[in-house]
Amino acid sequence: MPRKVAVVAGGLSYFSKARRDKTQEELAAEAARMALFDNDINLSKDDIDGTIVSYFSDHFENQLLFGSIIQDYLGFNPKPSVRIEGGGATGGLAVRDAYAHVASGLLDVAMVIGFEKMSEVNTAKGNEFIALASDTDWDFPIGGFYSGYYALMAKRHMEEFGTTEEQMAMVAVKNRNNAQHNKFAQTNPKMNPYAMKDGGKITVDDVLKSPYVAFPLKRLDICLMSDGAAVMILASEEKAKKITDTPIWITGTGAGTDAMRAGDRPRTLSGVPMLPHEKKEWYKELEYPGVHSFRAGRESARQAYKMAGITNPLKQLDLIELHDAYTSSEIQTYEDLGLTKYGQGGKLIEEGVTALDGDLPVNPSGGLIGAMHAVGATGVMQGVEMFWQLQGVAGKFHGSDKTQIKNAERGLIHSHAGTGTYVTATIMER
Amino acid sequence: MPRKVAVVAGGLSYFSKARRDKTQEELAAEAARMALFDNDINLSKDDIDGTIVSYFSDHFENQLLFGSIIQDYLGFNPKPSVRIEGGGATGGLAVRDAYAHVASGLLDVAMVIGFEKMSEVNTAKGNEFIALASDTDWDFPIGGFYSGYYALMAKRHMEEFGTTEEQMAMVAVKNRNNAQHNKFAQTNPKMNPYAMKDGGKITVDDVLKSPYVAFPLKRLDICLMSDGAAVMILASEEKAKKITDTPIWITGTGAGTDAMRAGDRPRTLSGVPMLPHEKKEWYKELEYPGVHSFRAGRESARQAYKMAGITNPLKQLDLIELHDAYTSSEIQTYEDLGLTKYGQGGKLIEEGVTALDGDLPVNPSGGLIGAMHAVGATGVMQGVEMFWQLQGVAGKFHGSDKTQIKNAERGLIHSHAGTGTYVTATIMER
Amino acid sequence: MTEVYSFDPLIIKTPYEITYKHSYGKTTKFFTSLSDGKLMATRCDHCKQTFLPPRSDCPYCLRETKWVQISGKGRIHTFTTLYFSGEKFLKDLPFQLVYVELEGVDTLFLTRLKTKDMKKVKVGMKIKMKISRDPEWRSSDIWAEPDE
Amino acid sequence: MTEVYSFDPLIIKTPYEITYKHSYGKTTKFFTSLSDGKLMATRCDHCKQTFLPPRSDCPYCLRETKWVQISGKGRIHTFTTLYFSGEKFLKDLPFQLVYVELEGVDTLFLTRLKTKDMKKVKVGMKIKMKISRDPEWRSSDIWAEPDE
Ligand SMILES: [Zn+2]
Ligand SMILES: [Zn+2]
């Protein structure tokens, strides 16, 4: 039996389009200080046995081996450290890797440090770097751009299942408006001193009227690009119980992958990997994995549910922090996670199930659309948010009680890369 | 208790200054095919539960998220995968990460895939990229270049301990000449169709007469820059016993780190981390960690020895594959690993202890100076070499019996980054 | 080369240039065949799968694949119009991207659609792949056009 | 822009350019102080450590550090002469690098040594840091010279 693993602390920096006031390592220190000093824990910095460093790309700073700068800057030499990378899922993979390090006995107390500083190149170059994370021999040279890839997938989802642009807009409204109660969020100018000036609440109409970036996706359907950092501390059961009275347990972790070029998914060789509550006949007609869905997301959920003993996610989960790179991908992911049947994701948002006051709130933090997407920090931010939610202290950290999900006992964090090339799902429980 | 973890298969590509005949993913397939099909195992490709992908930098190909291309190209979707990075120690960290994945129960059978293709930029640009893996605010702008950093450290070692250029040259001769019996080696034009034309054996005089790159380091003191790939398969005890009659166990793993800028090492705040066979009084006068030694190497060895129950490495180890980025760093590492006292590393090579027929052969493969340094593949290559050595099949794979260490039962692989920013030590046993 | 962009905090602006020599390795034949007007994919006879983009090794069995010629006819699987992009393609905006289902190919192929009437484009529409007479040795040397 | 370097295998040569806007964040003061002829380091009074290069946060206790002026006098800890380097510095070859022990600083500092007589250089030799009058806003704006 592997050792039980708990989360015992979390910290975030303020997120911003450009945190020019600090270097990347200074941003990491901002989040690390919060994790070490602002959580109610019995733990000193010297008790950390090693670190898992999470960032996406050397390209953004033209500094290779940045993991070493972080390990060094935060003063953890000569202890073990490793850098994890997997595009947009970097943070989720890092949390999973930290789990493996603690569960295997290599580390007793591990700090996960996620960060990205995307503002050292202009936005179009930043988008180009992200597009360099698609196949540069085949997909990039034709005008590759991630919003285009997601638009193709969203259009197929609309075609296959009848999903609408209005439903997508509802996701943007939910996440953006949730973010207005989270002081770390980039779209929250009332609470975050580094926020965008034109942030604030939005309506479905605002989204529908925002300009197309790649049909059917509009500007307000698309996630932010951020500077910032997030830090989690994980510990073995024995250590966790000494560190805090309210450890939050990692009870399941899953990781899936899919083809770098979404078109290479073997449409005719595979069926839908089934979740416990699903019936084979639901998907007899469905070509899978198509470009309408994320097989890696489904696979990661399947593994995590199995490990955590979850047989009906909609009932057994109290909240989800989900990688809403696009409003369409949040809807697609509802289905991959088995919250509803494939094809019914649009209905779920329409019915308010995932709203802050719904049966299963998704992205109370504001997610990538409302709060931040500083790539290597993103999955770690989700872990910090889930930790605070399950401890019941989200209000204290967010600076507003509105985001705290009452009596939350079990949640899922979902981290996602590329066109679904890497996806992780992690279950956390009180 | 974590699960026991074994290595059950290994594979290499031919290494070369430029493998232009294949793409990076095609090189990985070359090594993966050898691992799956040329080892004596009862294992099919479908039995692999996930992969750990090891490469250093997106800069060399301008392709981000390359880990996903590899996972996809080798046909492992939708199973778990993660990319590990830590400069020159990337491979060693990946082996350690695979250990953590198997020991923790996340994977039963894991493939580690290491590769680098450094030939898509010219050599001076390649050296510049490697220098971008030093601090780009402080160390790079003054003319940063890794051979310069190592020269500074080597000079201090000479000053502090009396180490000579002749002793360094002996390391180059040993490793280069060992490589002449290894068909994968880049300096072996007799056996490797992709080798450098001016390879072959060398003498101490050749090294001493080769031009200075950075005093006291000369061209032949410095490792290769390569294209190539290396693959290992690890398995849990239960699986390993079904896969092969001769699993090789990973009985210890350690990882250490140090300051990104070697000058930042806290010379006055720390002493030498002691190994079991050492005495405190040996090092009363020694300022440590200085730039003469690698604290991270020492720390990684300390952890690995403790885990594997090694109290006298010189006696208990039968061979070592060591990250000989420079001849000077092989000598420094002898000391970090506790094969001799700090300051006595030069004597060790002089006395032939680490020769192919010595008490403790180091780099029978030829190491980074004789065989290859395709960064992300390097630490994995060491693991493959050690696996073949401990199985007693090195001769078969190398195409020559001369490199096989007789009755080898226990060995250490040592992976190293930067100026000692990340170092791993892994103990493997029959 | 370096210029100061701001003094508080100090921000410096620096260009960085790299020249890549990228080898297509064993997929070379795809590009060199285009000059003969041929569209080539790779096939694993063992797994009965045909791949475009070509793969030199079969992902299912790791056997080496063989080259096969394809017709380049097919249908649109899904489409989009881009109004924004990464730095390199800003000059081309707006343009259309499609995934196409090609005859005899098991994978979907991502390419540009060149058409005078975007309004007629729909999922299932017939297309034909076209080959550039002025090769840049990139995947952009081929594209889809309506096949009516 | 793309040119063919070889046809078998097909190798294409392509330049790639990026413009970086790099912020020195809270270490800004080091660079802006140079124009006043001041060499500044940071110090953690709690841990009694002085850092050059400056660190805005103490690695030992994570407290914020404060700025302190240093003399720039010191001694050579180790040295080398470079005869080869990365692309960017090929034009400067050969040149000298040194780690210096600076008065009042707990870390070693890596810098260039500018001297007319390299043969006289040895470990322990006194040096003094010099500041460029023509700043490039890089760590190369300071260097060591023999202090005799
Ligand atoms: Zn096949
Ligand atoms: Zn302090």
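Throughout, protein chains are lettered first and strands after them, A, B, ... in sequence-line order, and every chain is numbered starting at 1.
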Could you tell me the separation between the CE atom of A:Met260 and the CD atom of B:Gln63, rounded to the nearest 0.5 Å?
4.5 Å
Quick check: do A:Ser104 and B:Arg3 have side-chain heavy atoms less than 4.5 Å from each other?
no
Start with the C-alpha distance between A:Asn62 and B:Thr136, add both sets of side-chain angles, then the distance that settles side chain to side chain contact (heavy atoms under 4.5 Å, CB included), and finish with yes or no.
CA-CA 8 Å; A:Asn62 210 25; B:Thr136 56; over 6 Å; no
At a heavy-atom separation under 4.5 Å, does A:Asp72 approach chain B through its side chain, its backbone, both, or neither?
side chain
Smallest heavy-atom separation, A:Arg295 atom then B:Asn77 atom, equals NH2-CB, 3.6 Å
Distance from B:Thr421 atom OG1 to A:Ile69 atom CD1, nearest 0.5 Å?
10.0 Å
With chain B as the partner chain, list the residues of residues 48-57 of chain A whose heavy atoms fall under 4.5 Å from it, by residue number, and write 'none' if nothing qualifies.
A:Tyr55, A:Phe56, A:Ser57
From the list B:Thr424, B:Leu64, B:Leu93, the residue making the most non-hydrogen contacts under 4.5 Å with chain A is B:Leu64
Engaged part of B:Arg261 at the chain A interface, taking heavy atoms whose separation is under 4.5 Å:
backbone
Interface moiety of A:Tyr99 toward chain B, non-hydrogen atoms closer than 4.5 Å:
side chain
Looking at B:Thr257 and A:Lys79, would you say the former's side chain and the latter's main chain have a donor-acceptor pair under 3.5 Å?
yes
Options B:Pro78, B:Ala133, B:Ala255, B:Gly86, ranked by heavy-atom pairs under 4.5 Å with chain A, top entry:
B:Pro78
Any non-hydrogen side-chain atom of A:Arg96 less than 4.5 Å from a side-chain atom of B:Leu106?
yes
Drop me the distance from A:Asp58's CG to B:Asp58's CG, to the nearest 0.5 angstrom.
6.0 Å
Interface check, chain B: of A:Ser134, A:Gly87, A:Ala94, most non-hydrogen pairs under 4.5 Å belong to A:Ser134
Please rank A:Gly256, A:Gly75, A:Ala296 by heavy-atom pairs under 4.5 Å with chain B and give me the top one.
A:Gly256
I'd like to know if the side chain of A:Tyr422 and the backbone of B:Ser68 have a donor-acceptor N/O pair within less than 3.5 Å.
yes
Any heavy-atom pair between the side chains of A:Arg83 and B:Ile84 that's under 4.5 Å?
no
Which value, rounded to the nearest 0.5 Å, describes the distance between A:Leu132 atom CG and B:Glu61 atom CD?
12.0 Å
With the side chain counted from C-beta on, respond yes when B:Leu65 and A:Glu85 share a heavy-atom pair under 4.5 Å apart, and no when they do not.
yes
With chain A, the option among B:Ala89, B:Gly105, B:Ala259, B:Ala131 that has the most non-hydrogen atom pairs under 4.5 Å is B:Ala259
Count the heavy-atom pairs under 4.5 Å between each of A:Pro80, A:Gly418, A:Ser300 and chain B, then report the option with the highest count.
A:Pro80
For chain B, find which of A:His101, A:His59, A:Gln71, A:Glu299 contributes the most heavy-atom pairs closer than 4.5 angstrom.
A:His59
